[in-house]
Amino acid sequence: MGFKVAVVYFSRRGRLVVLANVIAAGARQVPGAEVKVYRVQDPVQGEDPSRFEEGVLDAPPITEQAILEADAIILGAPGRQGGMCGEMRLFLDTWAVHQTEQKIGFGALKGKVGSAFTSVGGHGRGFGGHEAILQSFHATFLQHGMVVVGNPPSSLMEDTMMASPFGVVMAGKEGTTNQPSLTASEVKLAYSMGGWTAQISRMLHDADVDKIDTGLSPPASLPIEIQRSDRDNVASHAASYPH
């Protein structure tokens with residue numbers, strides 16, 4: 001049975017377009033994956049083509065329906081002075097409706113896979129902060145009960161600048177076209193993360209995560225015998241721990 005992967009980026013200068021497509025290519029290698037690349041629209045300054053590098057606006061805009069239908073959502077945005085760009089932050093803020101019990105769509109993102117990528121460096125963008133940016137994506141995913149996926153350890157990380165288990169990073173100074181090319185190791189790592197994210201998504205999709213009961217809650221009080229047993233176990237472990 002097929003599953004859907006949405007790769008979503010925001011970019012003006014095209015720095016993340018190639019990276020998004022490489023990640024999507026990696027996801028497509030997983031059998032059953034239906035992968036589409038989308039872009040986040042600029043909610044402040046609009047879609048004037050003169051403000052974007054060629055090719056940036058080729059991907060269709062992301063929609064709420066596409067997010068809700070996706071089993072995995074891989075988000076990418078450039079870093080600005082060590083943080084996520086404001087356009088992506090505003091987009092993620094629209095997800096808040098899925099955290100409100102009184103709203104239609106509450107909990108709709110629960111159980112979906114979330115993964116992230118970013119770019120740092122370049123004129124006027126600041127340097128570093130890539131892991132903080134990736135973790136800010138993760139924080140949003142976790143707020144919605146999503147399953148966070150990054151890069152598992154591999155030898156590719158040894159040869160990739162700014163390699164991180166938190167996600168894929170594109171580093172480097174902007175060139176005359178504002179679209180620096182990916183290094184061979186960055187391509188391999190991005191392709192690998194796309195495939196790994198899709199694999200996890202397929203496993204959860206096949207397991208029908210919607211049927212998992214996440215509403216279980218502990219009783220108001222534990223039976224006294226359990227309380228004593230736990231206390232005794234803690235005391236026993238504490239006594240045996242080397243000081």
Quick one: pull up [atom1] in [X] and [atom2] in [Y] and give me the separation to the nearest 0.5 Å.
| X | Y | atom1 | atom2 | result |
| --- | --- | --- | --- | --- |
| H98 | I67 | NE2 | CD1 | 8.5 Å |
| T197 | I23 | OG1 | CD1 | 8.0 Å |
| R28 | Y191 | CZ | OH | 10.0 Å |
| D42 | F10 | CG | CZ | 4.5 Å |
| M84 | L90 | CE | CG | 10.5 Å |
| L19 | L182 | CG | CG | 5.5 Å |

Following the transitive rule for hydrophobic clusters with a side-chain heavy-atom cut-off under 4.5 Å over Ile, Leu, Val, Met, Phe, Trp and Tyr, establish whether [X] and [Y] coincide in one cluster.
| X | Y | answer |
| --- | --- | --- |
| V5 | M193 | yes |
| M88 | W95 | yes |
| M157 | M162 | no |
| V7 | V168 | yes |

For [X] and [Y], which heavy atoms make the closest approach, and how far apart are they?
| X | Y | answer |
| --- | --- | --- |
| A20 | Y9 | CB-CD2, 3.8 Å |
| V30 | A198 | CG2-CB, 3.6 Å |
| A116 | I74 | N-CG2, 4.5 Å |
| Q135 | F166 | NE2-CZ, 3.7 Å |
| V97 | T94 | CG1-O, 3.7 Å |
| L68 | A108 | CD2-CB, 3.6 Å |

Given 3.5 Å as the limit, does a donor-acceptor pair link the side chain of [X] with the main chain of [Y], or not?
| X | Y | result |
| --- | --- | --- |
| S136 | I133 | yes |
| T118 | A77 | yes |
| E69 | A66 | no |
| K112 | I73 | no |

Just do the side chain to side chain contact (heavy atoms under 4.5 Å, CB included) check on F141 and L75 with the steps written out, would you? CA-CA 10 Å; F141 296 151; L75 299 179; 3.8 Å; yes
Pairs of donor and acceptor atoms involving the side chains of residues 31-41, under 3.5 Å and at least two apart or interchain, shall be tabulated with distances.
{"from": "R39", "atom 1": "NE", "to": "L57", "atom 2": "O", "distance (Å)": "3.4"}
{"from": "R39", "atom 1": "NE", "to": "A59", "atom 2": "O", "distance (Å)": "2.8"}
{"from": "R39", "atom 1": "NH1", "to": "E47", "atom 2": "OE1", "distance (Å)": "2.2"}
{"from": "R39", "atom 1": "NH2", "to": "E47", "atom 2": "OE1", "distance (Å)": "3.2"}

Would L92 and F137 satisfy side chain to side chain contact (heavy atoms under 4.5 Å, CB included), going step by step from the backbone distance to the final call? CA-CA 9 Å; L92 292 179; F137 279 110; 4.1 Å; yes
Side chains of P165 and E131 in contact at under 4.5 Å (non-hydrogen atoms): yes
Donor-acceptor pairs under 3.5 angstrom involving side-chain atoms of residues 144-155: please list them, not counting sequence neighbours.
{"from": "N151", "atom 1": "ND2", "to": "S164", "atom 2": "O", "distance (Å)": "3.4"}
{"from": "N151", "atom 1": "ND2", "to": "G167", "atom 2": "O", "distance (Å)": "3.3"}
{"from": "S154", "atom 1": "OG", "to": "L156", "atom 2": "N", "distance (Å)": "3.3"}

